[in-house]
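In what follows, residues are counted from 1 in the order of the sequence shown. Nothing here was measured: the structure is a model prediction, and the numbers come from that model.
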Amino acid sequence: MYTLYFKIAIRYLLKNKLYSVINILGLSIGVASFILIMVYVNYERSYDSFDGSEDVYRVYMDYKQGDTFVPGDAQTYNLTGPTIKNKFPEVLEQVRLYKFDEVVFTYNNKIFKEKDGALADPSYFDIFKYPLLKGDLNSVLQEPNTIVLTQNLATKLFRDENPIGKDIVAFSAGNEVLLRVTGIMNNVPKTTHMKTNFLISYATIHTWDTFGNYYREPNWNQNHFFTYFKVDKNTNIDALKSKIIAWDFQGNFRERHNIESLEDIHLYSNKPYEAEVNGSAVRVKFLTAIAIVILVLAWLNYINLSTTKSLERTKEVGIRKVAGAQRAQLGIQSVIESMILNFGAILLAICISIFVLSIYNKATGSELALTVETIKQLSPVIAIVILAILLVSLYPAWVLSSYSPSKALKGKIRASANGLHIRKGLIITQFLATIVLVMSTIVITKQINHLQNQPLGTSLNNIIAFSGELLTKKDAVLEKKYEVMKNEIMKLPYVTHVVTSNTFPGDGFGNLSSSVGITYPDGTQDDHNVNYSYEVNNPEYFEMMDMKFVAGSTFLPNHKEKNQQVVINEKMAQMIGISNPKEGVGKKIKFWNEEWNITGIVKNYHHFGLKASVIPIIIRYSKVDNYMLVKFDTTITSASGYTQAITQIENVWKQTFPESTFDYTFVDKQFDAQYDDDRQFNKVFRAFTILAICIAALGLFGLTSYTCVQRKKEIGIRKVNGASIFKILKLLNIDFIKWIGIAFVIAIPIAWYAMNSWLENFAVKTTISWWIFVLAGIVTLVITLLTVSWKSFVAASGNPVNVLRDE
C-alpha cells in the first residue's frame, strides 16, 4: 500500500511541476543556508577541543582599576605555572609556553623562516593531547637545545630524511642556537588558538642568548608566558578559581591571577597579548540566529504553499472520500508527498553546500567541510531538523484530510477563521524576519564604512615596515651597519623618511611594553592603571606618522638626558593629571625605577584600530631595530612603482646584511586588516539576508496564490461591475501592506536591540539612525509589492466569464 502512496505522490509532484520546483527550491535554499552557517558555527565552537580538553584551563592576569579588577594580560609570569601546581593539589600538571613571533632555521645551507612556535615545558604532551609520531613522549622536551617538529615542518626541512637526531640552527633576535630534533608530532589542527609548528624545550632558555636573566630566573617581573594547567576530573572548578583569585602572590595588591577554560578562549577571550586574534561569540550567535530564521522561513513558505495548493485539490479529496478513503489514508498520502519534497530538498541542499564550501575554502584558505565528523558533531541539530520536518509535514496533511466530501464536491470549501489567522501570523512572521535582517544589514554596513572613514590621529599611507632576521650575532659593528643602511636608503628616489621602531599602529600588542605603577609629575604614585609604551630611535617618527603635537616637540638629540626622553599622548597626559598640555612639557614621570622627561604631548591616535578605545601610551627615545619604517613620497601611484622602490631597498638591505631574511608589510594595509573579520561577517550576513528575502518572496507568492484562488469569484463579479485592474490590484495588495505595517512596528525594537548589542563590541561606533528603519520598511514594501503584484495582475486581468460560468 505504501508503494502505491509513493507512486501517487511522485505522479502528483511531476504533474504540478511549478508547485514542486518552488517548494523544493525554497526548502533547499533554506536548508543549504542552515547547513553552511552551522558548519561555520561548529568550526568556531570546535576550537581547542581534544581528548581531555574540558579539564584544561589557562591562567591570565587581572589588573586593578580603581576599586575593581578587570581582565588584563593573557600572559603570566614564569613562576605562575610551577607555583600553582605546587600550591593547589587539584592541579595535576602545568605547562609554560613562550611564543615566538618568528624563528629562522638553517639546515644544509638553506634558510627556512617559520612562525607559530614556542618554548615548552616537558609536560606539554601531558596537557595537549597531540599525537607524537616519532620520539619518546617522556623525554622529547627534557634536555636543553632540543626541538620537536610537526610533520609538515619536518618534511619541509628534511624532505625524505629521518629527522630524529639531526641538528638544525635556529636564529631569533640575531642570536643563534644549535638544536637537535628529538621528536615529530602530528600537525596541530587549525582549530586551536595556539598555532604550533615547532616546540623548543623550555630548558633552552638557559643556553640561548636571545633570553636574558630576567627570563631565565624564576620571578614575578616579566609576564611573557602562556600558562596552562590540567585538573582532576572531580575538581570543583569554581572553588579552585576562587582560591586562585584570592591567592596573594608576593603581596602584589595591584594584580591577581585568574583562570578560564581552554575551550572558551577562542570565542570569549579577547585580552591584550593573546596568542592570535580571537573569534567572536557575538558573531557566532548572530549567524546561528540567521540560520534558524532562514530555515523557519523556508518551512513557513512550505506550509503556506501546501495549504494554498490544498484548496485546488478539494474535489480530488471529495472523490477519494466518497470512494471510501479514510482520513488517515489521505493524511498518510499528504505526509509522503511532504517527505519526498523535504528530503529531496535536503539532498539538493547538501549538494549546494558542498559546492559552496569548496568555493569558500579556495577563496579564504579555510578548511570548512561537510565531513562525517562534522555530521556527528551536528547530530543533535540534525535530529531537531528532522523532527521539525515531520511536524511541518503534518499540518498540510491535517488540513487536506479534514475537508468535508460534500462541500468539496460542490466547490464550497472556504478557509476557516482560525486557518486565516494562522496564515496571516505566518506571513507577518516572514515580514518581521525580513525587516529585521534588512535593518541589521544596513547597520552592519554603515558601521564598517564608519570605521574605514574615521580619522585615526595618524597617517599610515605610503609607509612600509621592513624587518628581517640577521643570521649574525648582534654587536656594535652591526649597529653602525644599520646607520649606514639607513643613510643609503635615504638616498633612494621616492624615500622621504627612514625610522626604526619596535612597533607601529596596527601591529598589535605583541611589541608593546606594559606595566602597572607610575609616579606622576606631582609625586602621586599610581598603582592601579596599566600604561603601554614602545620605542623609536628617530625624532622624525612623529613627522613621518603625521602625529600632531598639542604641546612641546619631538625628542631632542642633544638633550642631556637623551635616552630618558618620552613623548606621551593626550590620554596619558590626562591620566597622570596634566590638564594643560603646555604645563606638562619638561615634567618628569617615573616608571621601571627610572625618571623620564616629557618632551612633547601628541594628539590621541588609535594604535589598535577603532574597535578599541584610545589607550594611554608612552613613546620612548631609544635604540631599537625591530622594524625599519620607510615612507615614500606621493609621486608613487602604481603597484609597479612600489615594487621597484621596495626592490631597491631590498638590494641595499642584502648588501648590508647578506646573511639575513627580508620581509615587509604596508602599514596601512596591516592596520586595515583588523577589520577583515568584520567585513567578512558583513558579506556573509548580507548574502544570507538576500537568501532570506528570496525565501520570503516565495512565501508571498504562495499566499498571493491562495488569496487569488479564494477570491476569484469576487474578482470576477467586481470586473463585471466595472472595476479596473488597478482597483483590483489595490484590493488584493492592501492586506499585505497592513501586514508589513504590523511587522514593521514589531521589528523596530527587535532590530534596535540586536544591533545595539553588536555595536557594543566597538569603541567607535555609528549611530542607529531613524532612516535605517524607514529604508528597511521601504525595501520590504517594494519587494512585497513586486512579488504579489505579478500574481495579482494575472488574476485581475483574467476573463470573468471563466470563473462565473458555474453560477
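If you check the side chains of T204 and S201, you find a donor sitting under 3.5 Å from an acceptor. A donor-acceptor pair shorter than 3.5 Å cannot be found between the side chains of Y605 and N569. N223 and T76 are not linked by any side-chain donor-acceptor pair at a separation below 3.5 angstrom, with hydrogens and angles left out of the test. No side-chain donor from either of T150 and N152 sits under 3.5 Å from a side-chain acceptor of the other.
Scanning all heavy atoms of the two residues, the minimum distance from L179 to A170 falls at CD1-CB, 3.7 Å. Across every non-hydrogen atom of P163 and A154, the tightest pair is CG-CB, 4.1 Å. Closest approach of A281 and Y268 over heavy atoms only: CB-CE2, 3.4 Å. Taking each heavy atom of Q151 and N187 in turn, the nearest pair found is N-OD1, 3.2 Å. Taking all atoms of both residues into account, the shortest heavy-atom contact from L119 to F100 is N-CE1, 3.7 Å. When all heavy atoms of V624 and S501 are compared, the closest pair comes out as CG1-CA, 3.7 Å.
Looking only at distances, no side-chain donor or acceptor of S467 sits under 3.5 Å from a matching main-chain atom of Y627. At distances below 3.5 Å, at least one donor-acceptor pair connects side-chain atoms of N537 with backbone N or O atoms of T500. Remark: the backbone N or O of L178 is paired with a side-chain donor or acceptor of N145 at under 3.5 angstrom. Side chain of N604 to main chain of K571: a donor-acceptor pair is present (N/O by atom type, distance under 3.5 Å, no hydrogens or angles). For Y273 (side chain) and F226 (main-chain N/O), no donor-acceptor pair under 3.5 Å exists by modelled atom type. Put simply, the side chain of N197 gets close to the backbone of K115: a donor and an acceptor are under 3.5 Å apart. Remark: the backbone N or O of V59 is not paired with any side-chain donor or acceptor of T227 at under 3.5 angstrom. Put simply, the side chain of W247 never gets that close to the backbone of H257: no donor and acceptor are under 3.5 Å apart. Between the side chain of T210 and the backbone N or O of S172, at least one donor-acceptor pair lies under 3.5 Å. Looking only at distances, no side-chain donor or acceptor of T235 sits under 3.5 Å from a matching main-chain atom of I237.
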side-chain contact (heavy atoms from CB on, under 4.5 Å) evaluation trace for L157 with K166: CA-CA 11 Å; L157 289 173; K166 296 288 175 60; over 6 Å; no
Pair F229, L240 - check side-chain contact (heavy atoms from CB on, under 4.5 Å), show working. CA-CA 12 Å; F229 64 80; L240 177 61; 4.0 Å; yes
Decide yes or no on side-chain contact (heavy atoms from CB on, under 4.5 Å) for Y57 and K241, but give the supporting numbers first. CA-CA 10 Å; Y57 293 82; K241 181 174 182 176; over 6 Å; no
Does the side-chain contact (heavy atoms from CB on, under 4.5 Å) test come out yes or no for E90 and D232, once each step is laid out? CA-CA 6 Å; E90 301 96 324; D232 182 83; 5.7 Å; no
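Taking the six-membered ring for Trp and thresholds of 30 and 60 degrees, Y664 and F662 have ring planes inclined between 30 and 60 degrees apart. Relative ring orientation between F198 and F105 is described as perpendicular, the plane-to-plane angle rising above 60° on a 0-90° scale split at 30° and 60°. Note on ring orientation: taking the six-membered ring where Trp is involved, the planes of F286 and F681 are perpendicular (angle over 60°, cut-offs 30° and 60°).
Shown here is E54, whose CD atom has more than 12 heavy atoms of other residues, nucleotides or ligands within 6.0 Å. When the shell of 6.0 Å around NZ of K243 is examined, it contains more than 12 heavy atoms from other residues, nucleotides or ligands. In the displayed structure, D101 atom CG is contacted under 6.0 Å by at most 12 heavy atoms of other residues, nucleotides or ligands. Counting heavy-atom neighbours within 6.0 Å of Q574 CD, excluding the residue itself, gives a total of 12 or less. More than 12 heavy-atom neighbours from other residues, nucleotides or ligands sit within 6.0 angstrom of OH on Y532.
Two rings, from Y534 and H607, have their centers less than 6.0 Å apart. In this structure, the ring of Y228 has its center less than 6.0 angstrom from the ring center of H193. The distance between the ring centers of Y107 and F112 does not fall below 6.0 angstrom.
Going from atom CH2 of W220 over to atom OG1 of T80 covers 4.5 Å, rounded to the nearest 0.5 Å. Taken from CH2 in W758 to OG in S280, the straight-line distance is 9.5 Å, to the nearest 0.5 Å. Between the OG atom of S533 and the CD1 atom of I617 there is a distance of 8.0 Å, given to the nearest 0.5 Å. Annotation: the span from L149 atom CG to I200 atom CD1 amounts to 9.0 Å, rounded to 0.5 Å. Note that CG of L451 and CG of L456 are 10.0 Å apart. Values are rounded to the nearest 0.5 Å. Rounding to the nearest 0.5 angstrom, the gap separating the CZ atom in R216 from the CG atom in N78 is 12.5 Å.
With sequence neighbours excluded, the residues satisfying salt bridge (Lys or Arg N to Asp or Glu O under 4.0 Å) with E274 are R58.
Applying the side-chain hydrogen bond (donor to acceptor under 3.5 Å, both in side chains) test between Q564 and each of E594, K588, E595 identifies E594 as the sole match. The salt bridge (charged side-chain N to carboxylate O under 4.0 Å, His left out) test with D55 is passed by exactly one of K230, K233, K129: K233. When F509, Y77, Y98, Y215 are each tested for a ring-ring contact (aromatic ring centres under 6.0 Å, His included) with H224, only one passes: Y215.
Taking the side chain as every heavy atom from C-beta outward, P82 and R96 approach each other to under 4.5 Å. Inter-residue side-chain proximity for T661 and F171 is flagged as unmet; no heavy-atom pair is nearer than 4.5 Å. In this structure, D678 and K611 have side chains that are in contact, with non-hydrogen atoms separated by less than 4.5 Å. Within the 4.5 Å cutoff, no side-chain heavy atoms of T196 are placed close to those of D116. Side-chain contact check for I568 versus I576: some heavy-atom pair is nearer than 4.5 Å. Residues V181 and I184 meet the side-chain proximity criterion, which asks for heavy atoms closer than 4.5 Å. A 4.5 Å side-chain heavy-atom check between L262 and F50 finds at least one atom pair inside the cut-off. Proximity of Y47 to L267: side-chain heavy atoms (C-beta onward) are nowhere separated by under 4.5 Å.
Both the sub-6.0 Å distance and the 45° axial angle are satisfied by K271 relative to the ring of Y60.
Here E114 pairs with K156 in a salt bridge; the nearest charged N to carboxylate O distance falls below 4.0 Å.
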